[in-house]
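Structure record follows, encoded as structure tokens.
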2 protein chains.
Amino acid sequence: MGTTAPAQMGESRERILHTAEHLFNERGYASVTLRDIADALGIRQASLYYHFPGGKEALFVEVCEKSLDRHRTGLEEAIRGASSEPRDQLRAAACFILSQSVPDMGRMAHSDMPEIAEEHAQRLMQMAFDSLLRPIAGIFQRAYDSGLSHSPETILLAGAFISVIASIHHLPAQFTRQPRSAMADTLIDVFLYGLTSR
Amino acid sequence: MGTTAPAQMGESRERILHTAEHLFNERGYASVTLRDIADALGIRQASLYYHFPGGKEALFVEVCEKSLDRHRTGLEEAIRGASSEPRDQLRAAACFILSQSVPDMGRMAHSDMPEIAEEHAQRLMQMAFDSLLRPIAGIFQRAYDSGLSHSPETILLAGAFISVIASIHHLPAQFTRQPRSAMADTLIDVFLYGLTSR
DNA sequence: GTCTATACACTGATAGAC
DNA sequence: GTCTATCAGTGTATAGAC
């Protein structure tokens, strides 16, 4: 404790990252300009270069890294905090994803990545795999090992699961009468027990 | 038979639409420039304005309209051509979607639409609903009416289904050992019977 | 740390020759 | 129908004052 000055070290940097993440996540890399970000922060576009000398791409890369790392940590924690029931683990994972900025893997892979240097793109895609697909795939792997699931296609299932949860976020607002979490529960039960069960 | 000249009426216009659709679908509205499209066609950027006086936005809107209309027709046809089994209808729908440019509803709603005039955006989103969600929701509605499905959330299910099929297209290529159609079949069975069945 | 000013490239769009 | 030429607007990025 003590002075606030050292505590504010990098504070505006974090503010920039936070605002940029929000905008990038909303409209994608190409559509968001540095002026959009600066305007949202109430500063001038050129001022961003003091905190991010690497410019727009460096800012975007760091935003993605931070976001993906938070997803990996949060997902692993949510899953670990749930019971051994795959259903509980999937609900915890879905709840965390919906509480965060929902990752749009389609746009990321096919719109954003082609705009940045290939080395950066490859590393980010690898991070996305490790941070999003792998933790979810782990749930399906354990369910398979314990005989509860009959499909060994854990990566395929993880991608489908994340897309399903994200689709809740894409639905036209007029069709969302129930809360998001209830829709997630509905879809998770479809995933586990099928539409035809009971 | 006859002269080829009249038959070529609007031929280059169709060529432009085709190329533009491919590029827009690949990287999204903002990332694709008119020069990208012109280069791919081997013509000059200004020449596009002869066929599309409305410029980039008009071209994009017509590309989307054509694509969505083709999806509506194709989906309705594929579903009608299948048996009365929901499983067959879903497989036919998935097969058609994968045979086409896979629609990225997330990017469309959150990246592309904010870039164009709101009137155009609203009409296109309505078309997307009618052309993509509604035909699929019909399958789930009939399955529900016949007692085969126990969920009345047909729109939610349709959005989830399309996202799942699209997720096949987003999967990193190194994890696709089986053909796309086989992955679609796997996921459809999960959708209908659940992971825990059998 | 933030500002102003500006360089430079790119993009959409228009005018007019052929 | 396609071209060249050109313009205004916008976007990233840099230099330097404060």
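By convention in this document, chain letters (A, B, ...) are assigned in the order of the sequence lines, proteins followed by strands, and residues within each chain are numbered from 1.
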Between [atom2] of [N] and [atom1] of [X], the distance in whole Å:
{"X": "A:Glu14", "N": "C:dG1", "atom1": "CD", "atom2": "P", "result": "13 Å"}
{"X": "A:Leu48", "N": "D:dG11", "atom1": "CG", "atom2": "C1'", "result": "13 Å"}
{"X": "B:Arg44", "N": "C:dA13", "atom1": "CZ", "atom2": "C1'", "result": "17 Å"}
{"X": "B:Asp39", "N": "C:dT11", "atom1": "CG", "atom2": "C1'", "result": "13 Å"}
{"X": "B:Glu115", "N": "C:dG12", "atom1": "CD", "atom2": "P", "result": "11 Å"}
{"X": "B:Arg13", "N": "D:dT2", "atom1": "CZ", "atom2": "P", "result": "13 Å"}
{"X": "B:Tyr50", "N": "D:dT4", "atom1": "OH", "atom2": "C1'", "result": "18 Å"}
{"X": "A:Leu41", "N": "C:dT2", "atom1": "CG", "atom2": "P", "result": "10 Å"}

Any side-chain heavy-atom pair from [X] and [Y] closer than 4.5 angstrom?
{"X": "A:Phe161", "Y": "A:Leu187", "value": "no"}
{"X": "A:Ile165", "Y": "A:Val102", "value": "no"}
{"X": "B:Val164", "Y": "B:Ile188", "value": "no"}

With a 4.0 Å cut-off on N to O distance, would you call [X] and [Y] a salt bridge?
{"X": "A:Arg72", "Y": "A:Asp69", "value": "yes"}
{"X": "A:Arg15", "Y": "A:Glu11", "value": "no"}
{"X": "A:Arg123", "Y": "A:Glu119", "value": "no"}

Margin query: Just to be sure I understand the geometry, which residues of residues 18-31 of chain A put a non-hydrogen atom under 4.0 Å away from DNA chain D?
Written below: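 None, since no heavy atom is under 4.0 Å.
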
Check: Can you pull the salt bridge (charged side-chain N to carboxylate O under 4.0 Å, His left out) pairs that have at least one residue in residues 29-57 of chain A, sequence neighbours excluded?
Finding: A:Arg27-A:Asp36

Check: Where does the angle between the aromatic ring planes of A:His110 and B:His169 fall among parallel (under 30°), tilted (30 to 60°) and perpendicular (over 60°)?
Finding: parallel

Checklist line | Any B:Ser47 side-chain nitrogen or oxygen under 4.0 Å from OP1 or OP2 of D:dG1 | finding: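 No, no such contact exists.
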
Show the distances under 3.5 angstrom between N or O atoms of the protein and N or O atoms of nucleotides 12-14 of chain D.
residue	atom	partner	partner atom	Å
D:dT12	OP1	A:Leu34	N	3.4
D:dT12	OP1	A:Lys56	NZ	3.2
D:dT12	OP2	A:Leu34	N	2.9
D:dA13	OP2	A:Tyr49	OH	2.6
D:dA13	OP2	A:Lys56	N	2.9
D:dA13	O5'	A:Tyr49	OH	3.1
D:dA13	N7	A:Gln45	OE1	2.8
D:dA13	N6	A:Gln45	NE2	3.3

Note to self: Taking atom CD as the centre, does B:Gln174 end up with more than 12 heavy-atom neighbours from other residues, nucleotides or ligands that are less than 6.0 angstrom away?
What the structure shows: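 Above 12, so yes.
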
